Amino acid sequence: MRRNKTFGCAQGVRVVLALVFAVFALPAFGAATSLDSLNKTNWRTFAKPLPLGHDEMLLFERDGATAVGWRIRWSQGKAERFALPWLRLEDKRRYSAAATTKGLWLVGAGVLLVQPDGRVLQQPLDYEEPVVVGLSDGSVLVLGNAKEEVGRALRIAVDKAGTRLLVEDKGALPGAGVTAVALRNGSVLLLGGPRSASYAATLDPLTGRVQPIAPMPRARSFAAAQLLPDGRVAVGGAEFLRCHDPSAREVDLYDPGANTWISLPPLPLPLCSEAYGADRPSMAVAQDGALMLGGHLETHLMTLSIDRRSATGYAASWKQMGVLPQRRIGGVVQVLSNGDVGVAGGVHPRVDAGCCWATPGVDRISSSDDPAYRSFGLDMTSPAVARRGQRVFVALGWQFTSTSTGQMRYSSAAELIDLATGKVTQLPQVPFASGAGDALWLDEDRVLLKGHTARSFSGGQDPASYMPQSSGGLAIYSVARGSWTKLDVPVLQDSRVAGARDGRLLFVSPDVVLRRMTTADMKVTELSGAATRERRGGSVRWLADGRFVLAGGYAHSDLISLADDGCKESSPALECRERFVGYGALVPAQQHDVFRDKDLSQWSLSSPGTSVGTEAVIEADGSVTRVGMVDAPDGVNAAGQPLKRVRVLIERSDPGGGNWRALPLPAELAEPTPQLSGPCQNPVDCRLMLAPDPRNPARELLFLGAGDFAGDRLANSTAMVRVWWFDAAANRWHLMLEADPRSARTSPQDLAAPLSDAATRMRSLGWHLPTPVLWTERP
Amino acid sequence: MKSPWLKGALSAALLLGAMYAEAQEDPTRGDIVMFPGPLRALVSVDSTDPQAGSPGSPAGWHIPGRHFRSGDGWWALVCAQQCELSAVRLATSAARHHVYDSDPVPSQFLRWSPLPAGLETVPAEGAKRPELIAVFKPVRNLASLQLVAGPLKTWLHAGMDKYPPSGRLGTMETAIAQPGGAPALVVPRLIKPKGDADPGEGGLQFELRIGDRRQILGSHLFGMEGQVSVLPKDYLRWAGDLDGDGKVDLLMSFSSTHQTLFLSSLAKPGELVGEAGSFLFDDPSAAGC
């Protein structure tokens, strides 16, 4: 059967009209209030918000034991309060809401139906926030119980006189975790569940007959699903507590007429909402058929527009949209008539990362809202960033959220920022996802992108703990063609890009095996060194004089001779060259590795620095600057006892790595502090950064940052980060900016004098990057 | 004892006990019977002394089985600023040893005396004492080894603060200065695991190098702790000249309970040293992990 790609909406309009009529009789009290007034503290709810068509949404507030409803009218920007006096709420027990032609249903520790004429019907029931699906005849299908994996499926209808509820038992069916969508033909599509996450069937709600359908392409529980205007159903989400699964990025379309599944493009971030009992993300559809996803761990939405020329009927890549002021995990999205998006409900972590607060009120994301410099990529930790002139390429990166479960998410999104105009262009998604990576402009058109795996440099400031091997992909993006070319080079999977010169790329693996690739033919050559010791994190730089330097991060504590069975070393002739490899624990590296000569086969170690730390930058001449801690003279605590103290040390090596000298400290960091309680004692809290001076790109500016530049506390952090610039001529640090961590990542920050002056202001982005983005503007 | 039945039963029990004691493996091997230092607290299953094992109580080795006899002919190698040999006597007494997953077994307390500086007893916490490198007795083919009480030619010993670095890239290696020649090197080497196995599944191999000659002394495989750095003082307990031939002899520690004494005079053709004796003790009271 040929699928009708023209999204008819006649049926949708009928349903909307019926729903508006259904709630019209709700007993409003009090004057309409602004939507902002709903943004109040101590907001508690007893049911998820219920979108009605494209302009109205009902919110359900718990005021002690009293149930209160709010009817949102987006087009008016108003909310009306209505009473639900028939519900006596028990603490924490929750209901599910549905609207049909018969009225507003609330199903949980009882069934409540508020009919369009205001009459109310009630029936005892002992369910906890079940799945409730409104049916075309005005009845509802109730599936199981949020606490039970298998429950009794009930159809609840109203008798003809509208005086009695009729409850029909439809047998045992998947309960918690199942997703149900009413299809156009009157049957209900059932998908997934915790016990049988691959479950896929249709249910005739009148007869209770269950009919298996074509298997869902991947297992899911607590999925988000949406009936589309053309009768197909979109479904997304992974199995419970498996946000890291590749399937968490997949959205599939089911065509009930053809009984077939097809897959939409993968999501740039997993659709994940597992936090504090928030059950599932949310999916909505615009009037033109565009899909909208939200209610997940991120504060932005993901949307996929229509493309009638494509096989799926949708575009080839998802876009990110809007930024909510705070998380709405498990919240509900609704696409409004004008294309804006309303979001309500959900929970967010507390500042102390404890569980959790219901997110109050509603948020509205404007479809035309496109502020300058708003980067989704720079909001990630450890994205791959490359700059060429005024163009900044950003891709990949990770986010971690400590909720009741810890969830690490990796990105496959990419974007281009035009520093001259502030315009941010979202690019087609990267053909792999990774929590960290390196990017490099090969020429005016092409950007090379290399993802990191868990093995590649995940120490120090890049603590992404689990990046699968697929994260180590390699791809080239052509700006002119607007497309990616994926390169399959397995030997480079764990490596990172160390530099490019004269048509050659240098890669380095975590165990410090160097490989050279010629960009003309992508041929890879291994450069064998005399010694290798693993290094995690830290900085790498291929210097203009041919040397290659690794500094900072963590390195093996020892070097050891390698006994290789395949190498005969019998006395007296030594038939093999002896090789040394790293050995023992990974400890903060106080020495830097230097490789030299044409094939980088000559290896040496610098003399050790004094401080203990992992932060280091490598300057153009090979000098290395480190920041770390050293012991300070003991202090005295309040009880008069000796107090162990430490202090910050910034030290710089000479270009040859033979000698170190201490640099001055910013006054704010100069005083010794008790161990484990002062600045910079967490390696990620003090960072050194080098960036080309936008006034003279041949020169580099050295910055020191203090504060929490990474981590999931970002969203709630109130602590400011500070950045100083080292004025080498004056041998002192100048405080350049103070900002909240998220703004320091993603909002343009003006730097203070002397880098900015009356004639030119120096602006910045991405202070969580090893190389922040700097540019100048005339005020 | 009047009952022949009872007498027979007792004899059988004694015989069985003796057989059981003999079944406990002797931890010493070779022609030098050796027990490494430091000595340990002596506590038997049957001990009723509440002070047993406390500072000042007797120290020695508590070994399952009944292999050893009291007597002379033993030597103690003790190092402080320098190393000295002392003639000592072994005293044994019967005891019973704990077994991790079974009944206690017959055992012996082994004590040596006289030892200098209170080494015969359990030290107080933090006490600084000379280092007892080992007590040993040459037997069989080495019974005629000429040893003299007093200072012993020693290059390195575990009583030193630390050993001088080797001057090579390897950070855990040991250089033993040799008169008129290149230093002898003890080189820990990483045994490369097979195939794609985790590096932590390999082990360490200890190699003696003098000039361009090499000899593998021994090895140990990593346990569940994986790669752990080793200090030269931990694997080389002593390097000196015990057999008086002017060449380096070594007491190597391959693990906390496996030590081997190598003498240059026992080297076979192509070797630098030969094994004189070793101690490999598997404490039956330990769970093993």
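This structure is a prediction, so every number in the text was calculated from the model and none was measured.
You'll find the side chain of B:Tyr235 stays beyond 4.5 Å of the side chain of B:Ser255, heavy atoms only.
Put simply, of B:Gly270, B:Gly170, B:Ser229, the one with the most heavy-atom pairs under 4.5 Å next to chain A is B:Ser229.
Classified by interplanar angle (parallel below 30°, tilted 30° to 60°, perpendicular above 60°), the ring pair B:Phe254/B:Phe206 is tilted.
Aromatic rings of A:His592 and A:Trp660 (six-membered ring for Trp) have centroids within the 6.0 Å cut-off, being under it.
Using a 4.5 Å cut-off between heavy atoms, B:Gln215 does not touch chain A at all. Interface remark: B:Leu204 contributes side-chain atoms only to the contact with chain A (heavy atom separation under 4.5 Å). For chain A, the nearby part of B:Val228 is the backbone; its heavy atoms alone come within less than 4.5 Å.
For B:Asp282, the CG atom counts as loosely surrounded, since its 6.0 Å shell holds 12 or fewer non-hydrogen atoms of other residues, nucleotides or ligands.
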